[in-house]
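Only one structure is covered here, and it is reproduced in the block below.
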Amino acid sequence: MTAPAVNSPPTDWFEARRRAHRAGEAARTPTERVPLESALGRVLAQPLIALCDVPHAVTSAMDGWAVAGRGPWRLRELRAVRGSTETPALRHGEASPILTGGVPPAGADAVLRSELGVLSLGADGRTKLDTAPHAPAGEPAPGRHLRPAATEAARGETVLPAGCTLGPLHLALAAACGLDTVDVVVRPTAALVRTGDEVVDSGIPRPGQVRDSFTLTLPPLLAALGARVGNNEKAPDDLAATLAALRAAAGRASLVVTTGGTGRSGADHVRAALTALRAEVLVDGVAVRPGAPTLLARLPGGALVVALPGNPLAALLSLHTLAHPLLAGMQGLPLPTLGRVTVAEPIAPPGAPLSLRPYRLGPLGALPTAWHGSAMLRGLAEADGVLLVPADGAASGTQLDTLPAFR
Ligand SMILES: Nc1nc2c(c(=O)[nH]1)N[C@H]1C(S)=C(S)[C@@H](COP(=O)(O)OP(=O)(O)OC[C@H]3O[C@@H](n4cnc5c(N)ncnc54)[C@H](O)[C@@H]3O)O[C@H]1N2
Ligand code: MOO
């Protein structure tokens, strides 16, 4: 058993992320095969490989006539056939009507688009096709309006890498490549345990009360990071209740996220509950502000616990620190990368080894928010991103690492 040591030194922020990622990797979720219609937002477990050439055959890019040789042409049939490789080959001097996306008969060497052709009755009593008087000289040039097969992808080609989070365009691409199902990562399950007797769910909070910030934020934000949030329990500020809520959540989910109660006051029970559950504490406080009391632990049954501080900004930024890398690891994704931005005004030393500061983008770069108090929401609610401000602060024009603003 590794009990949370009293006042153990906080873990470096970058190291805390790496530990969270490694803990996630050690608890990787399996994969499953799902129909394309159910795959939106899922993480691809295997590279997506085209099952056919795309396009599958040479196709016409225009409505008109497939033609062989130079005009005028004898029209072989009056109605377009949408596409069959069994259509007899065109002979030199013949044309056959074709629709956009249709497969031209063998022997066709171009498509004359409908606007540029004129039909008339030939001397032999058969329908004749000429290029219209207004058609550009030389129209149609060989190959005109014929889309060669496999120009977008060849059968067997990888069109999306593993780890891609599937959006609508990816799904349409998979369909175009002939797939009906995809192999995706099973979503990690998450459960919330919110502590705090002062937390209320509706109305104007009385002095000493606070409206809950987490039921409205954590389920959708965790879902955006790939988790499926099942339970969301509220535990009173009491050790037995906190212990029972944690135990129940760990029985239902592979990731338990708690809020509040990370301190060492008589009303804070998360540490004591983790000790009682014989948790292995992987991160006991992080050298960052806000979010210093954040904990990461593994329960004997394997469930991972991210204990977020009760202050809303501290908690939501700690989601970046620990839950994002952790969930990335569980889904076989790399440690999330940091962005980079130029700061538009000087930032004073934050009084901590590292400070996470929401910012808005102005014409000259990042403008750190004034609403960066640990208990605030306003700065993050309107942020374009989050700055990583080092202990010395930053001069105007300096480049700093950034995190995305999950909001
Ligand atoms: N003596 C010390 N006091 C504090 C320290 C310290 O080092 N020594 N650290 C401060 C820091 S930093 C933080 S962050 C908080 C951490 O507090 P806890 O995780 O124990 O959280 P609580 O005490 O339960 O609540 C803190 C704050 O957050 C509000 N809260 C809680 N739940 C919610 C919710 N669901 N929605 C909105 N707001 C919530 C709660 O009412 C408190 O105001 O400790 C500092 N103190
Ligand atoms: O570190 Mo606390 O998390 O500032 O608010």
Side-chain angles (χ1 to χ4, degrees), residues 4-13 16 191-222 229 231-239 241-242 245-246 249 256-275 281 283-297 305-323 349-358 369 371-381 386 388-389 391 403:
V6 175
N7 295 332
S8 64
T11 305
D12 168 76
W13 185 84
L192 301 185
V193 176
R194 291 172 297 124
T195 71
D197 290 341
E198 76 289 8
V199 178
V200 294
D201 294 323
S202 61
I204 297 174
R206 291 198 311 272
Q209 289 187 328
V210 64
R211 275 291 293 273
D212 175 35
S213 296
F214 300 128
T215 291
L216 294 171
T217 50
L218 292 179
L221 292 174
L222 286 162
V229 183
N231 285 71
N232 178 359
E233 303 283 330
K234 200 168 155 187
D237 285 333
D238 159 282
L239 177 58
T242 306
L246 255 181
V256 179
V257 177
T258 67
T259 61
T262 60
R264 293 180 164 91
S265 80
D268 297 322
H269 303 289
V270 170
R271 287 163 180 279
L274 288 174
T275 305
V281 176
V283 172
D284 185 6
V286 184
V288 72
R289 187 172 289 161
T294 307
L295 294 152
L296 170 64
V305 181
V306 172
L308 301 174
N311 281 319
L313 184 63
L316 296 172
L317 292 176
S318 297
L319 207 66
H320 285 298
T321 301
L322 295 181
L354 184 73
S355 161
L356 302 181
R357 184 81 63 91
T369 180
W371 295 293
H372 59 85
S374 179
M376 295 179 177
L377 284 167
R378 197 169 161 185
L380 188 60
V386 176
L388 270 61
V389 181
L403 293 165

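Order of appearance sets the numbers: ligands from 1, and atoms from 1 within every ligand. If you're wondering where the values come from, they're calculated on a predicted model, not measured in any experiment. For the single chain, residues carry numbers from 1 onward in sequence order.
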- request: Ignoring hydrogens, just give me the one of V210, L216, V200 whose non-hydrogen atom is nearest atom 38 (N) of ligand 1.
  value: V210
query: Identify the closest protein heavy atom to atom 36 (N) of ligand 1: which residue and atom is it, and at what distance?
result: S213 N, 2.9 Å
task: Number the atoms of ligand 2 from 1 as they appear, then name those within less than 4.0 Å of a heavy atom of A314, with their elements.
output: 3 (O), 5 (O)
message: For the OG1 atom of T294 and the NE2 atom of H320, what is their distance to the nearest 0.5 Å?
response: 12.0 Å
query: Would you say P309 has any N or O atom under 3.5 Å from an N or O of ligand 2, going by distance alone?
result: no
field: Atoms of ligand 1 close to G260 [distance to a heavy atom under 4.0 angstrom, numbered from 1]
entry: 19 (O), 21 (O), 24 (O)
- prompt: Counting both backbone and side chain atoms, is some N or O of V199 under 3.5 Å from an N or O of ligand 1?
  reply: no
- request: Scan the protein's non-hydrogen atoms and note whether one is under 4.0 Å from atom 27 (C) of ligand 1.
  value: yes
query: Where is the nearest protein heavy atom to atom 11 (C) of ligand 1: which residue, which atom, and how far?
result: P293 CG, 4.0 Å
message: Apply side chain to side chain donor-acceptor pair (under 3.5 Å) to residues N232 and T215 and explain how you reach the verdict.
response: CA-CA 8 Å; N232 178 359; T215 291; 3.1 Å; yes
- prompt: Would you say atom 40 (C) of ligand 1 touches the protein, meaning some protein heavy atom is under 4.0 Å from it?
  reply: yes
statement: Under 4.0 Å between heavy atoms, the region of N311 that gets near ligand 1 turns out to be both
task: Apply the side-chain hydrogen bond (donor to acceptor under 3.5 Å, both in side chains) test between R194 and each candidate in T259, T258, D212; give the one that qualifies.
output: D212
field: Under-4.0 Å protein heavy-atom contact, atom 30 (N) of ligand 1
entry: yes
- prompt: Considering only the protein, which heavy-atom contact is closest to atom 35 (N) of ligand 1, and what is its distance?
  reply: D212 OD1, 2.8 Å
query: If you measure from atom 24 (O) of ligand 1 to every heavy atom of G261, A292, A375, P312, which option wins on shortest distance?
result: G261
message: Could you walk me through whether V305 and L296 satisfy the side chain to side chain contact (heavy atoms under 4.5 Å, CB included) test, starting with their C-alpha distance in whole Å, then the side-chain angles of each, then the deciding distance to 0.1 Å, before giving a yes or no?
response: CA-CA 6 Å; V305 181; L296 170 64; over 6 Å; no
Separation between CG of L322 and CG of L317, rounded to the nearest 0.5 Å: 12.0 Å
message: Suppose I only count heavy atoms of S374 and a 4.0 Å limit; which atoms of ligand 2 are within that range?
response: 2 (Mo), 3 (O), 4 (O), 5 (O)
- prompt: Would you say the side-chain atoms of D197 pair up with the backbone N or O of P236, donor to acceptor, closer than 3.5 Å?
  reply: no
message: What verdict does the side chain to side chain contact (heavy atoms under 4.5 Å, CB included) test give for L319 and L218, after you've listed the backbone C-alpha separation in whole Å, the side-chain angles of each residue and the deciding distance to 0.1 Å?
response: CA-CA 9 Å; L319 207 66; L218 292 179; 3.9 Å; yes
- request: Would you mind running through ligand 2 and noting each atom that sits below 4.0 Å from a heavy atom of R289?
  value: 4 (O)
Identity and separation of the nearest protein heavy atom to atom 3 (O) of ligand 2: G291 N, 2.5 Å
- line: Under 4.0 Å from one or more heavy atoms of E198, ligand 1 contributes atoms 31 (C), 40 (C), 41 (O)
- prompt: Mind checking whether T262 has an N or O less than 3.5 Å away from an N or O of ligand 1?
  reply: yes
message: With heavy-atom distances below 4.0 Å as the criterion, list the atoms of ligand 2 near A292.
response: 1 (O), 3 (O)
message: Working to the nearest 0.5 angstrom, can you tell me the gap between D238 CG and H269 NE2?
response: 6.0 Å
- request: Search all heavy atoms of L377 against all heavy atoms of P312 and return the closest pair with its distance.
  value: CD2-CB, 3.7 Å
- line: Interatomic distance, CZ@R206 vs CD1@I204, rounded to 0.5 Å, equals 12.0 Å
task: May I ask you to list the atoms of ligand 1 that are less than 4.0 angstrom from any heavy atom of G263?
output: 18 (P), 20 (O)
task: Measure from atom 44 (O) of ligand 1 to the protein's non-hydrogen atoms and state whether any distance is below 4.0 Å.
output: no
task: Mind checking whether P293 contacts ligand 2 via backbone (N, CA, C, O), side chain (CB onward), both or neither, at a 4.0 Å heavy-atom cut-off?
output: side chain
message: Taking the side chain as everything from C-beta on, heavy atoms only, tell me whether L313 gets closer than 4.5 Å to W371.
response: no
message: Could you report the tightest heavy-atom contact between P358 and G379, atom names first, then the distance?
response: CB-O, 3.7 Å
Residue pair T321, V283: steps toward the side chain to side chain contact (heavy atoms under 4.5 Å, CB included) verdict: CA-CA 11 Å; T321 301; V283 172; over 6 Å; no
- prompt: Is any heavy atom of the protein nearer than 4.0 Å to atom 5 (C) of ligand 1?
  reply: no
message: Which option wins on minimum heavy-atom distance to atom 17 (O) of ligand 1: A267, G310, P290?
response: G310
Pair T369-R357, side-chain donor/acceptor within less than 3.5 Å: no
- request: Please determine if S374 has a nitrogen or oxygen closer than 3.5 Å to a nitrogen or oxygen of ligand 1.
  value: no
Under 4.0 Å to a heavy atom of P290 - the qualifying atoms of ligand 2, by number: 1 (O), 3 (O), 4 (O), 5 (O)
- request: Report yes if the side chains of D284 and R271 come closer than 4.5 Å at any heavy-atom pair, otherwise no.
  value: yes
- prompt: N/O to N/O below 3.5 Å, does that happen between F214 and ligand 1?
  reply: no
- request: Kindly state if atom 13 (C) of ligand 1 has a protein heavy atom within a strict 4.0 Å cut-off, that is, under 4.0 Å?
  value: yes
field: atom 1 (N) of ligand 1: any protein heavy atom closer than 4.0 Å
entry: no
field: T195 side, atom OG1; D268 side, atom CG - distance, nearest 0.5 Å
entry: 7.0 Å
query: Within a distance of under 4.0 Å, is there any protein heavy atom near atom 8 (N) of ligand 1?
result: no
message: So that I can tick it off, tell me whether D201 and R211 are bridged by a salt bridge, with the cut-off set at under 4.0 angstrom between side-chain N and carboxylate O.
response: no
- prompt: Should N231 and L192 be marked as a side chain to side chain contact (heavy atoms under 4.5 Å, CB included) after you check the CA-CA gap, both sets of side-chain angles, and the distance that decides it?
  reply: CA-CA 6 Å; N231 285 71; L192 301 185; over 6 Å; no
- prompt: Short list, please: which atoms of ligand 2 are under 4.0 Å from a heavy atom of N311?
  reply: 5 (O)
task: Would you mind running through ligand 1 and noting each atom that sits below 4.0 Å from a heavy atom of R211?
output: 36 (N), 37 (C)
query: Can you check whether D268 has an N/O within less than 3.5 Å of an N/O in ligand 1?
result: yes
query: When rounded to the nearest 0.5 angstrom, what is the spacing between OG in S318 and CG in L356?
result: 7.5 Å
